[in-house]
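Here is how names work: the chains are called A, B, and so on, in the same order as the sequence lines, proteins then strands, and each is numbered from 1. Remember, predicted model here, so these are calculated numbers, not experimental data.
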Protein chains: 2
Amino acid sequence: MQEMITIFQDYLQQNGLRLTSQRELIARTFFQNRGHISTEEIYRQVRKIAPGIGFATTYRTMKLLAESGLASLRRFGEGFSRYEPAGTAEHHDHLICTKCGKIIEFENDRIEALQKSVARRHGFHVTDHKLEVYGLCRKCRQ
Amino acid sequence: MQEMITIFQDYLQQNGLRLTSQRELIARTFFQNRGHISTEEIYRQVRKIAPGIGFATTYRTMKLLAESGLASLRRFGEGFSRYEPAGTAEHHDHLICTKCGKIIEFENDRIEALQKSVARRHGFHVTDHKLEVYGLCRKCRQ
DNA sequence: AATTAATATGAGAATCATTGTCAAGAAAAA
DNA sequence: TTTTTCTTGACAATGATTCTCATATTAATT
């Protein structure tokens, strides 16, 4: 976590930006949470500690975190964005229950390998991918 | 194509709705196009033929087409929606060039099978999925 | 055909997430 | 300290999409 802040700071410095108290608070709040958090939710949590903070600053900072490679943006078709920690962990995909909204992360190297081979066949060089599998979780199937 | 209109009409009738000239024009325009068309683009094309048509009607009709199972909504993170023909064809995924925006469709049964097995392992019953592979196409890599 | 009930339409307002603007504040550089 | 640069918060603006509503159209009923 401390390391994350350091990485963020390095990124900022390298771009002539500063690690302000607002940015640090937002970043810490983000890292404290388990993934898939919405900007709105970050904003709410941050406001409990620093009520004066603006949502523009929250949006701006989340964008910086994404640019620094520490956060990655996900859109699950809910009409708003979510961010999840990135950079250290493996790339992973999502299993989403369409009834209760539960999100499970998974990784599968064989799927990734197949994606690359399909891409190669079409002359593409893969830089990223997004796989969302929708369905009903055990509970919601009753 | 005529068949599509008939299916659409059936869907509408079964829901106490009517196939108006506007709806038919929008549906025909949609089917004439190759997939991944934005609502905006449909609206533009439709207006050439019927300048009086409103964008609200276009949005409403695209939604009906999706509900009828003839169109399926895709969001590629561009900030707006696209629709593609659905219902008859196999499910397919997308290979997207992050530089020129080119979109290639592909299908891969092995990937789908792996998805199902991962889902099963987590107690999920898969109803749908979305796979987008991002990268650079041959041209854009130069 | 006339009347009544239901559904559609277009125009524009409203919404919602996100981004831009700008004056005022804080930090770093000179 | 003065100047330059970067930040911030408040709020306006944006852009896609949806809602509202008065009017029009179609279907159902008399």
Side-chain angles (χ1 to χ4, degrees), chain A residues 5 8-30 36-68 71-83, chain B residues 5 8-30 36-68 71-83:
Chain A
I5 298 291
F8 189 36
Q9 184 165 30
D10 288 352
Y11 170 81
L12 292 172
Q13 266 173 4
Q14 269 159 23
N15 290 78
L17 306 172
R18 299 163 191 162
L19 181 65
T20 61
S21 63
Q22 291 94 329
R23 286 179 179 163
E24 185 168 348
L25 174 58
I26 291 166
R28 282 188 188 281
T29 303
F30 170 64
H36 313 125
I37 193 167
S38 64
T39 314
E40 166 88 27
E41 177 60 25
I42 290 273
Y43 175 64
R44 260 199 305 254
Q45 290 188 24
V46 158
R47 286 211 124 215
K48 286 189 204 152
I49 297 168
I53 223 158
F55 61 82
T57 302
T58 311
Y59 273 95
R60 289 189 281 238
T61 304
M62 291 315 296
K63 221 174 182 180
L64 288 173
L65 281 166
E67 285 164 25
S68 76
S72 74
L73 183 120
R74 297 283 155 190
R75 292 182 214 265
F76 295 121
E78 301 159 300
F80 56 84
S81 300
R82 291 179 181 272
Y83 284 92
Chain B
I5 297 291
F8 189 36
Q9 184 165 31
D10 289 351
Y11 170 80
L12 291 172
Q13 267 174 4
Q14 268 159 22
N15 290 77
L17 306 172
R18 298 160 190 162
L19 181 64
T20 61
S21 63
Q22 290 94 331
R23 284 179 180 165
E24 184 168 347
L25 174 58
I26 291 166
R28 283 189 189 280
T29 304
F30 171 64
H36 314 124
I37 193 168
S38 63
T39 314
E40 165 87 28
E41 177 59 26
I42 291 273
Y43 176 64
R44 258 199 307 255
Q45 291 188 23
V46 158
R47 287 211 122 216
K48 286 189 204 152
I49 298 167
I53 222 157
F55 60 83
T57 301
T58 311
Y59 273 95
R60 287 189 280 238
T61 303
M62 291 314 296
K63 219 174 182 181
L64 288 173
L65 281 165
E67 283 164 25
S68 76
S72 73
L73 184 122
R74 297 284 156 190
R75 293 182 213 264
F76 296 122
E78 300 159 302
F80 55 84
S81 300
R82 292 178 180 272
Y83 284 92

Original post:
Quick one: are B:Arg23 and B:Leu17 in side-chain contact, heavy atoms under 4.5 Å?
Top reply: yes
**OP:** State, with a plain yes or no, whether a side-chain heavy atom of A:Gln9 is found less than 4.5 Å away from one of A:Leu12.
**Re:** no
What protein N or O atoms touch nucleotides 15-17 of chain D N or O atoms at under 3.5 angstrom, if any, and at what distances?
{"from": "D:dT17", "atom 1": "OP1", "to": "B:Ser81", "atom 2": "N", "distance (Å)": "2.8"}
{"from": "D:dT17", "atom 1": "OP1", "to": "B:Ser81", "atom 2": "OG", "distance (Å)": "2.7"}
{"from": "D:dT17", "atom 1": "OP2", "to": "B:Tyr59", "atom 2": "OH", "distance (Å)": "2.6"}

Original post:
If we fit an axis to the first five pairs and another to the last five of the helix from C:dA1-D:dT30 to C:dA30-D:dT1, what angle do they make, to the nearest 10°?
Top reply: 10°
Original post:
Taking atom C1' of D:dT18 as reference, at what distance in whole Å does atom CG of B:Leu64 sit?
Top reply: 14 Å
**OP:** Please state how far atom CZ in A:Phe76 lies from atom C1' in C:dA17, giving the value in whole angstrom units.
**Re:** 17 Å
Subject >> Atom-to-atom span, CD of A:Glu24 to P of D:dT8 - whole angstrom >> reply: 12 Å
Any N/O pairs under 3.5 Å between the protein and nucleotides 5-7 of chain D? List them or say none.
{"from": "D:dT5", "atom 1": "O2", "to": "A:Arg18", "atom 2": "NH2", "distance (Å)": "3.0"}
{"from": "D:dC6", "atom 1": "O4'", "to": "A:Arg18", "atom 2": "NH1", "distance (Å)": "3.3"}
{"from": "D:dC6", "atom 1": "O4'", "to": "A:Arg18", "atom 2": "NH2", "distance (Å)": "3.1"}
{"from": "D:dC6", "atom 1": "O2", "to": "A:Arg18", "atom 2": "NH1", "distance (Å)": "3.4"}
{"from": "D:dT7", "atom 1": "OP1", "to": "A:Arg18", "atom 2": "N", "distance (Å)": "2.6"}
{"from": "D:dT7", "atom 1": "OP1", "to": "A:Arg23", "atom 2": "NH1", "distance (Å)": "2.6"}
{"from": "D:dT7", "atom 1": "O5'", "to": "A:Arg23", "atom 2": "NH1", "distance (Å)": "3.2"}
{"from": "D:dT7", "atom 1": "O5'", "to": "A:Arg23", "atom 2": "NH2", "distance (Å)": "3.4"}

**OP:** Assess whether salt bridge (charged side-chain N to carboxylate O under 4.0 Å, His left out) is satisfied between A:Arg44 and A:Glu40, documenting all intermediate values.
**Re:** CA-CA 6 Å; A:Arg44 260 199 305 254; A:Glu40 166 88 27; 3.6 Å; yes
Original post:
What distance do A:Thr58 atom OG1 and A:Ile42 atom CD1 have between them, rounded to the nearest 0.5 Å?
Top reply: 8.5 Å
Original post:
Within a strict 4.5 Å, meaning less than it, do heavy atoms of the B:Phe30 and B:Leu65 side chains meet?
Top reply: yes
Original post:
What's the CD1-C1' distance between B:Ile53 and D:dA24, to the nearest Å?
Top reply: 15 Å
Subject >> Salt bridge B:Arg28-B:Glu24, side-chain N to carboxylate O under 4.0 Å >> reply: yes
**OP:** Ignoring hydrogens and angles, answer whether the base of C:dG20 and the side-chain atoms of A:Arg60 contain a donor-acceptor pair closer than 3.5 Å.
**Re:** no
**OP:** Quickly work out the A:Arg44 CZ to C:dA17 C1' distance and round it to whole Å.
**Re:** 14 Å
Subject >> Whole-Å distance separating the CZ atom of B:Arg47 from the P atom of C:dT9 >> reply: 14 Å
**OP:** Output the distance between atom CD1 (A:Ile49) and atom CZ (A:Arg47), rounded to the nearest 0.5 Å.
**Re:** 12.5 Å
Original post:
Can you find a heavy atom in the side chain of B:Thr61 that is under 4.5 Å from one in the side chain of B:Phe8?
Top reply: yes
Original post:
In whole Å, what is the span from the CD atom of B:Gln13 to the C1' atom of C:dA8?
Top reply: 16 Å
**OP:** Flag the pair A:Tyr43 / A:Ile53 as yes when at least one side-chain heavy-atom distance between them is below 4.5 Å, and no otherwise.
**Re:** yes
Original post:
Atom CG in A:Leu25, atom CD in A:Gln45: separation rounded to 0.5 Å?
Top reply: 10.0 Å
**OP:** Look up atom CG in A:Leu73 and atom OG1 in A:Thr39, then write down how far apart they are to the nearest 0.5 Å.
**Re:** 7.5 Å
**OP:** Can you tell me the distance, in whole Å, between the OH atom of A:Tyr83 and the C1' atom of C:dA17?
**Re:** 11 Å
